[in-house]
Amino acid sequence: MSDPVLQVADLDVRFGDVRAVRGVGYEVRAGEVLGIVGESGSGKSVTALAVMGLLPPHARVTGSVRLRGTEILGAKEKTLTAFRGRTISMVFQDPLSALTPVYRVGDQIAEAVRVHQKVTAEQAMVRAVELLDLVGIPNPGQRARAFPHEFSGGMRQRAVIAMAVANDPDVIICDEPTTALDVTIQAQVLDVLKKAQKETGAAIVMITHDLGVVAGFADRVLVMYAGRAVEVGQVDDIYYRPRMPYTMGLLGSVPRLDAGGRRPLVPIEGNPPSPAELPPGCPFTPRCPMAIEACAEAEPPLEPVNGPGHLAACIRAEEIARENLSPAEVYDVAGEVRGRHAATPEPAAEPAAGPAVRAAPTPREGREVVLSVADLVKHYPLTKGAVFRRRVGTVHAVDGITFDIRRGETLGLVGESGCGKTTTLTEILELTKPQRGTIAVLGRDVAALGARDRTALRRDMQVVFQDPLASLDPRMTVYDILAEPLRTQGRRDAGTRVRELLDLVGLDPGHAARYPQDFSGGQRQRIGIARALALEPKLVLLDEPVSALDVSIQAGVVNLLEDLRRRLGLSYLFVAHDLAVVRHLADRVAVMYLGRIAEIGDVERVYGAPMHPYTQALLSAIPLPDPVKERSRRRILLEGDLPSPAHPPSGCRFRTRCPKFKALTDGERVRCVEVEPEVRPLDVDQGVACHYAEKLEVV
Amino acid sequence: MSIADEELAEQVVKIKAPSRGRVVARRFFTMRQGQLGFALLALMFLLAFAGPHFTHWTYTDKDFAAFLRPPSAEHYWGTLQTGADVFAVTLRGMQKSLIVGLLVAVVATTLAAVVGAFAGYFLGWTDRVLMWVVDLLLVLPSFLILAIMSPLFAGGAWVLFVIMLALFLWMITSKVVRGMTVSLKEREFISAARYMGVPAPTIIFRHVIPNMSSLLVVDATLNVSSAILTETTLSYFGFGIQPPDVSLGSLIADGSKTAVFAPWTFWFAAGLLILTVLSVNLIGDSLRDAFDPTSKRGS
């Protein structure tokens, strides 16, 4: 085996008294991909910045970072500059801030080349165009002269990758390179990274919170918790034979795209500890289902378990290995032991079957329609000029969508950013007459509502927002926040109800006097949910309610939503970009593309056998947290970016990126270009807006 | 009601306790600065309104046996050139200045907050009309208008004076408030309230204005000082509070001529003015921290 190109040992980072990173060590060899996973605050990004020497001066870094045998920690700035970009390079999360807005993209890449290589400006520019071509930017010669703001998010991230590989580095550190991108773009960028690695033979350190991305991409995985590495090993060992309860919990709490049925997720209880006040002993003890007294005494070292290269920091790892405990067993054991605390969810062995089993006894047709949207249109004018405003175009944000939600049902509205899902939600929430089409809430057409009726109707329809901190007034106590809807609708007994509500969402009613910022992200979202439920609504609109939360916390909120729906008979409109979460929560799903619905129908059918080429591509782009499946999957890669909603393509909106369109004959294509497909029912509860739809299994 | 119910009711009362007003008050009074400022201002009021009872001189009395005398047992703070008792007139002046200063600040800041928030929240025509008014008031020469109107303030019409002073103090703040409202309006908690069916004016008073309380408190504090100072300036030039009534401003104006050889004519009035402004600033500082739950102090 070749020598490691990057060796990190005993890395320690302190900010004042706070130890953000505590003795992390790893090594990567040429051509190898190391995935570093952990939740926010686990110290994974700080580790990367420390390796690059990019931490602010007040951070105290100790330990050792050796690059090709040379110690670079504490080295002179000059030495570091020689290494950075040439031997080790970095891809950041936010591609917009990683590029200088005032220079052309090509010049920036050429600059990266010229810093380390003695070449002329022309040669550098030629190399820059080559690199842009390598990362799959169409028309590289022309695009090199564009400015960063003219690039879309995915293209910017490609340009950043081009810069990172410009000098043929030995190590590329990627810090959440795809987190800010949509799934189809994420698939493209990961593809480019793989290609770039093949070209350069570099080692990649991939930092991410997404267990799916790591599963298909990494060779080895390092799991971080509270500033420490708690488990390291080959990707298969980590995913199939985890030996540290935290890793198990993390894997159990990820919603799986390939898991049918409505299994409750396994959340890890509690919150990650703050690095400023770590508990004594193993930092995971307070949340660990297997914790024993010895756990709180000393922090266990990373020790080998079953086989070389697989290390875990858990005193009971041997035991887990011996009995070969699976994550389900570990966390089920917990369920038995602490059954009194956590209301044990329904028997997990719910049959994974069709809609008839999961839905309420009454069939769908027999239940009342809670929300019906027909042919909804929302266009924004594009205007120009300051004095004489004139209309220069129209943004077709939502362009004729139709769906309905029945009592006790969850409809997932999914799509990538810019597809119009949030606009749809806002239009429904406004309760005013839409530009075109009709919205009816509980059978009442909102266009015909008077002011008083509208206020009364709001009682039955509530909303939960994406960002729990932004949606709670920071200047109000939790009590006031929860009492507000009650007071607005003229209820007197606010005190009792607030208590009930806090109890309902699993928060301590004694905390009512606190402010939102005294709570963690998951708890804040629970407050947001409690507020939405205050007036006992029949319909709750959820706007990406879990996308701002860490996986282990997200699982708890997802379970809560599902539990509440069942107990209170709620109906949900669940807007999300995460298709895996939608599969867990929704009965039916509508996939949106550029303001239109591409496919709508029963979750099992749409996920099991998607018919629209866009749904197929979307589903195939989502990485699964399962290395074996991930390696054998065939991805349908979409080309290019979402067209601007101001100039949607004629006919079928998806045809510019459609893989099926490419395979059609010219005669068949005419229909796609000229006729805009309507959603037509093709199967039992599955409608597709495609002229040439056919089933395809992609998950 | 069973015992269990009673217990529940008690707990309900317990969690009902933290209304916003109480929380802010508790935080305010745990701060040393707040306590000090509040005590100082209370003392000023006590002195201004209870003080006159401790002397038999009134602010209109003249002691023709004592012109420009230093402090003594008969005249605690000495006498003026006219024979007026400095203690009596200074306290009379302070009554006026305290009321004028605090009232003007409260009126001006409230006006700024309400106009700015309504303009920023509703935008469109509301915004245009309100901002026209603001722009109009901004270009009017306030000092000149106050000077011309000064005869109207004679004969105890100080309420009109307060209104006029406030009218020329709020415009800049209201523009800032408008800008902040426009950005606050995009925040999700405002949308959440809207979708709950909370009427727009309630949203403005419950969510928008409290979230700008830091700015408003600082503004009000500064306005107290500037109102007292404007009133002082006006009185110094002979406008503002008209004789025989006095204010700290007119006293300082008169006293400055004799300050060198009869310091008591000047320093008592000036000292009290400084203490008043200082106490208001201390209170403002602490109030801002008390309103802001993210502030570390006083929690």
Side-chain angles (χ1 to χ4, degrees), chain A residues 425-426 428-431 451-452 454-459 461-489 493-500 502 509-518 528 531-532 534-535 537 541 543, chain B residues 1 4-24 26-27 183-217 287-296 299:
Chain A
L425 191 87
T426 322
I428 297 168
L429 281 168
E430 286 295 334
L431 285 184
R452 182 168 302 194
R454 190 168 293 130
T455 312
L457 197 56
R458 292 206 183 278
R459 180 193 282 261
M461 185 176 81
Q462 284 296 315
V463 59
V464 177
F465 289 101
Q466 172 175 14
D467 182 352
L469 190 54
S471 64
L472 304 175
D473 188 336
R475 295 288 165 104
M476 281 167 105
T477 60
V478 169
Y479 178 86
D480 283 336
I481 289 170
L482 294 182
E484 181 171 28
L486 299 168
R487 288 182 189 143
T488 303
Q489 300 281 356
D493 54 339
T496 338
R497 183 70 184 140
V498 167
R499 200 184 157 74
E500 276 171 26
L502 284 171
H511 291 169
R514 298 192 184 177
Y515 286 98
Q517 67 264 21
D518 301 333
R531 177 177 61 183
L535 295 167
L541 309 187
D543 185 9
Chain B
M1 197 187 263
D5 277 357
E6 263 168 42
E7 260 177 22
L8 189 70
E10 243 170 61
Q11 273 163 336
V12 167
V13 173
K14 238 185 255 164
I15 67 166
K16 203 174 177 139
S19 78
R20 175 148 44 195
R22 272 194 214 185
V23 172
V24 169
R26 185 179 55 77
R27 288 169 60 99
S183 63
L184 261 178
K185 206 187 147 188
E186 302 301 314
R187 299 275 294 273
E188 280 176 347
F189 63 85
I190 304 276
S191 316
R194 231 154 44 81
Y195 295 144
M196 236 174 253
V198 183
T202 318
I203 292 182
I204 289 175
F205 287 110
R206 195 184 286 160
H207 295 286
V208 177
I209 292 178
N211 273 287
M212 295 184 295
S213 54
S214 306
L215 170 87
L216 296 176
V217 167
L287 256 188
R288 191 198 54 217
D289 286 340
F291 265 113
D292 185 358
T294 53
S295 159
K296 288 278 172 287
S299 52

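Every chain is numbered from 1 and lettered A, B, ... according to where its sequence line falls, protein lines coming before strand lines.
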Inset, instruction - Tell me, out of A:Leu472, A:Thr455, A:Val463, who's got the most heavy-atom pairs with chain B below 4.5 Å. - result: A:Leu472
Inset, instruction - Compare every heavy atom of B:Ala192 with every heavy atom of A:Ser471, then report the nearest pair and how far apart it is. - result: O-CB, 4.3 Å
Legend entry - Contacting moiety of A:Asp518, where chain B heavy atoms sit under 4.5 Å: neither
Legend entry - Part of residues 206-213 of chain B lying next to chain A, heavy-atom separation under 4.5 Å: B:Arg206, B:His207, B:Pro210, B:Asn211, B:Ser213
Legend entry - Residue pair A:Gln462, B:Met196: steps toward the side chain to side chain contact (heavy atoms under 4.5 Å, CB included) verdict: CA-CA 7 Å; A:Gln462 284 296 315; B:Met196 236 174 253; 3.9 Å; yes
Inset, instruction - Please flag which part of A:Arg454 lies under 4.5 Å from any non-hydrogen atom of chain B: side chain, backbone, both or neither. - result: neither
Legend entry - Minimal non-hydrogen separation, B:Ser214 against A:Arg475, with atom names: OG-NH2, 3.4 Å
Legend entry - Nearest heavy atoms of B:Tyr195 and A:Glu430, plus distance in Å: OH-OE2, 3.4 Å
Legend entry - Which of A:Asp473, A:Thr488, A:Leu469 touches chain B most, by non-hydrogen pairs under 4.5 Å: A:Asp473
Legend entry - Greatest number of heavy atom pairs closer than 4.5 Å to chain B - which of A:His511, A:Gln489, A:Gln466, A:Glu484: A:Glu484
